Amino acid sequence: MIPIHELLWFALAALLMVISPGPNMIYLISRSITQGKTAGLVSLLGVINGFLFHIVLAGFGLTAILLAVPFAYGILKILGAIYLLYLAYQAIKPNDKTFFEVNGHVPKDRPRKLFLMGFFTNALNPKMAVFYLSFFPQFIKAEYGSIFGQSMILGITQIIISFTINFIIVMTAAKMASFLTKNPLWVKVQKWFMASILTILAIKMVLLKAK
C-alpha cells in the first residue's frame, strides 16, 4: 500500500495538473458554453475514460518492466524526474499563452460524438502515455506491493480529482472562461506554482534514488 503522505503528494500534483488551463479545459468549457451543460458532462465522461485507458496501459507496462528488467525501473524513474522538469519548464516558458479563448462557433453534436471526441482526445494523445509512464514511478515502489495495484490506486485518485474539478468547470463554464480571460495574472501565478511543485517532485525523486 502506498503511504498516505506519498498519496497526498500525488494528489497535490494531480490537482495542479487538472486546474492548469490546457486542451481538456478548453474543450470542456467550449462544449459547455456552446452546447449546454449536458454536452459538457458527456464530453467529460469521454475525457475520463481516456484517462482510464492510459492508466490501465501504464499499470500493465510498469508491471512488465519491473518483472522483466528490474534495473530498468530505476532508469524509468530518473527519466521520469527529467520529464517532470520538462513539464515545469513548459509551464513557464517564454511566450507561452496565458489567455483563454472559447470558440463560439462549435456546431451541435450528438452525445455519442461528444463522448468519443472526449475519449479520443486523451486516448490517442501519446503525451498522455508518456506522462503516466514517467509520473507514476515517482510514487511506486516494489516494497509497497503489487505494481499494478499501486498504479490503479494512483489512477483512481487522479480520476477522482480530475472528474471533480472538471465537473465544477463544466457547471461554471461561462464564469470560468470569463475569469481566465480577465485574470491572466492568476494563470501565470498558477503555472509558476505548478512548475515549483513539479520541480520539487523531480528533485525528491533524484534524492531518493541516490540513497
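Computed from a predicted model, the values in this text were never measured in an experiment. Just so you know, residue 1 is the first one in the sequence shown, and it goes up from there.
In plain terms, the two heavy atoms of I140 and S151 that are nearest each other are CD1-OG, 3.4 Å. Shortest non-hydrogen contact noted between T157 and I153 is OG1-O, 2.8 Å. Between V170 and S32 the shortest heavy-atom distance is CG1-OG, 3.3 Å. Listed here is the closest heavy atom pair of A14 and I161: CB-CD1, 4.1 Å.
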Between L12 and L8, does the side-chain contact (heavy atoms from CB on, under 4.5 Å) criterion hold? Intermediate values first, please. CA-CA 6 Å; L12 175 59; L8 289 176; over 6 Å; no
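At a threshold of 4.5 Å between non-hydrogen side-chain atoms, the residues F139 and L7 do not count as touching. Residues I169 and N166 are in side-chain contact: their nearest non-hydrogen atoms beyond the backbone lie under 4.5 Å apart. Using a 4.5 Å heavy-atom threshold, the side chains of R31 and V42 count as separate. In this structure the side chain of F119 reaches within 4.5 angstrom of the side chain of F53, judged on heavy atoms.
The main-chain N or O of D109 is found under 3.5 Å from a side-chain atom of Q35 such that the two form a donor-acceptor pair.
A distance of 7.5 Å separates CD1 in I29 from OG1 in T172, rounded to the nearest 0.5 Å. The structure places CZ of F136 at 5.0 Å from CG of L154, a figure rounded to the nearest 0.5 Å. The line from CG of L44 to OG of S162 is 9.0 Å long, rounded to the nearest 0.5 Å. Here the straight-line distance linking atom CG of L52 with atom CD of Q158 works out to 10.0 Å at 0.5 Å rounding. The line from CD1 of I48 to CZ of F115 is 10.5 Å long, rounded to the nearest 0.5 Å.
I156 forms part of a hydrophobic cluster together with I160, judged by ILVMFWY side-chain heavy-atom separations under 4.5 Å.
Hydrophobic clustering (ILVMFWY, side-chain heavy atoms < 4.5 Å, transitive): L15 and M171 are in one cluster.
Under the 30°/60° scheme for interplanar angles, the aromatic rings of F148 and F60 are found to be tilted.
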